[in-house]
2 protein chains.
Amino acid sequence: MTEPPITTKDRILDVAERLFADCGFEATSLRTITAEAGVNLASVNYHFQSKEALLHAVFERRVNPVNRRRLELLDACEAEFQNEPIPLERLLEAFFRPLVLELGGVFPKLFVRFLYLESPNTFRELFAKHLRPIARRFFPAFHRSLPGLDPSELFMRIQFAVGGMAQLLAAKSLAEVIGEGSFTIPSHEVALEKLIQFAAAAMRSPVSRGAL
Amino acid sequence: MTEPPITTKDRILDVAERLFADCGFEATSLRTITAEAGVNLASVNYHFQSKEALLHAVFERRVNPVNRRRLELLDACEAEFQNEPIPLERLLEAFFRPLVLELGGVFPKLFVRFLYLESPNTFRELFAKHLRPIARRFFPAFHRSLPGLDPSELFMRIQFAVGGMAQLLAAKSLAEVIGEGSFTIPSHEVALEKLIQFAAAAMRSPVSRGAL
DNA sequence: GAATGAATCAAACGTTTGTTTCAATCGTTC
DNA sequence: GAACGATTGAAACAAACGTTTGATTCATTC
C-alpha cells in the first residue's frame, strides 16, 4: 500500500531520462517527452524552467545517490584498513559498483553520454562539480595503494579504467555491432568483477621504460 | 605549388567534421556549417542529399583509411610472425595506432561520439558495416595470442581495452574536469604506448576464479 | 560565340522547436 | 462554501530547422 504517488514531475523525469539516454538531449523534443509521459507540454517549463534545466534535474537525481554511496564505500574501506593502503580491487569496487551495479535503469547508459560530452556547454560545469569531490577523495586513496606510480601516470591509468567502465555501461555498443550472438553475455555482477580484475591488473603493471 | 583546390564539398566536410565533433550531430545546424565554411546553404543538399548523408560522408572519409591501415599493420605482423602468435603489444598497436596517432585532426574525438551512439538510427548500421571486417580479422589474431582465454572472456577484455582507447581519444574529458593542471599531459605517442601497456597487462592477467 | 551541364545563389517552403500566455481546474485553508 | 495558491489545460508565439525552388553564374564543348 501507500505506493508513492507518481507526480507529474517524476513522470517527466523518468521519461526524459530514458529518451535522453536513447536518443540524446538535442534529438529529444519536449513534445515527445510530455506526450509519452501523458502530461501537458507546458508542465515541463512549469516544474523545471527550461529544457536544459530538466537535463540538469535528470542528472542530479541520480548522481547524488551514486556519489554518496561511493564515499560511503570508501569510508568503510578506510575504516577497515586504517592507515594501511586499501587493496586496489576494493578501491575500484567502491568507485565502480554504485554506478555500474547498484543503480538500475537507463541512467548508466545516459551517464556515458554525459561523460563523452553531451552538448550543452553549461552542463559540462555541472558534471565537473559533482565529479570533483569524488576525485579528490579517491585519487589520494589510489595513490596510497599504488605508491610506485607518479601522479600523472596514475591519473592516466585511472582514466583508462574509467574508459573500461564506460564501455561496460554503454553495454551493447560493441557486442551487438560485432558479435553474432556467439558471445556469452555475463550478468552485471560478473561483468563488474571482470572489469575490476581487468583494471587492477593493468594499474599494477610496472611502468614501462620506453622512450620518453 | 599545385595546391589542392579546396572544393565546396571538402570545405563542408571539414567544417561539419569539426562541428559534429564539438557539438554533436543534432546540435549542429546546416546554417552554422555553411556559414562557417563560407558556402551557400543549399550546397549541402546539392553535394550530399541530406544532413544525415553528410554525416555518413564525414564518417566514411576517415574510417576507410584508418581501417585500411589497421589491416596493413595486421598483415605485416602476420607476415613477420608467420604461424607464431603475434605479441599482444604489436596486435594492440596495429589496432590502436591508425586511429589514435596516424590520424590527426578532430576525427578521433568524433569517433568517440560514433562509438557511444550518435543518434541517427541508420548510422549505427553504417558504423557496424565498417567495423565488422576489422573485428573478423583481429579477433582470431587476439585469440591466437591469448589462447588461455575463452572467446567470451577475450571479447570482454577487448571491449574494456577499446574503452580505454575511447577515453584517450576523448582526451580532455576527464583531465580538464578534475585535474587542476597538476598532471603532466604526455604526447600522443607516449599516451598510445601507455595505453598499449595498460591493455596488454590487463588482457594477460589470469582469469579470476570468482563466484560465477 | 552559342549551347550545355554543373555549381552557386537568394529566397521561400512547410515543420518543428522551446517557450509563453491565460483561462480552467484542483486541493487546501479559513 | 468562499478564497486562495498550486497545478494543469489548450492555444499561440517567434525563432530555427532541413529542404526545395528557380534563376543565375561558371566552365567547358562544339
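Treat the numbers as computed from the prediction; the structure is a model and nothing was measured. Residue numbers start from 1 in every chain, and the chains themselves are labelled A, B, ... in the order their sequence lines are given, proteins ahead of strands.
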OP1, OP2 of C:dA6 versus side-chain N and O of B:His47: anything below 4.0 Å?
no

Verify the contact: side-chain N or O of A:Thr8 to OP1 or OP2 of D:dT8, cut-off strictly under 4.0 Å; return yes or no.
yes

What I want to find out is whether A:Arg97 reaches A:Glu193 closely enough, with some N-O distance under 4.0 Å, to be called a salt bridge.
no

Assert yes or no for the condition that the ring centre distance of A:Phe127 to A:Phe111 is strictly below 6.0 Å.
yes

Once each nucleotide of nucleotides 12-22 of chain D is scored for protein heavy atoms under 4.0 Å, what B/S/- sequence comes out, 5' to 3'?
B----BBBBB-

Can you check whether B:Leu54 reaches B:Ile33 side chain to side chain, under 4.5 Å on heavy atoms?
yes

Atom CZ of B:Arg11 and atom P of C:dA7: how far apart are they, to the nearest Å?
14 Å

Donor-acceptor check, side chain of A:Ser145 to backbone of A:Ile86, threshold 3.5 angstrom: yes or no?
yes

A:Phe25 six-ring face occupied by A:Lys51 cation (under 6.0 Å, within 45°)
yes

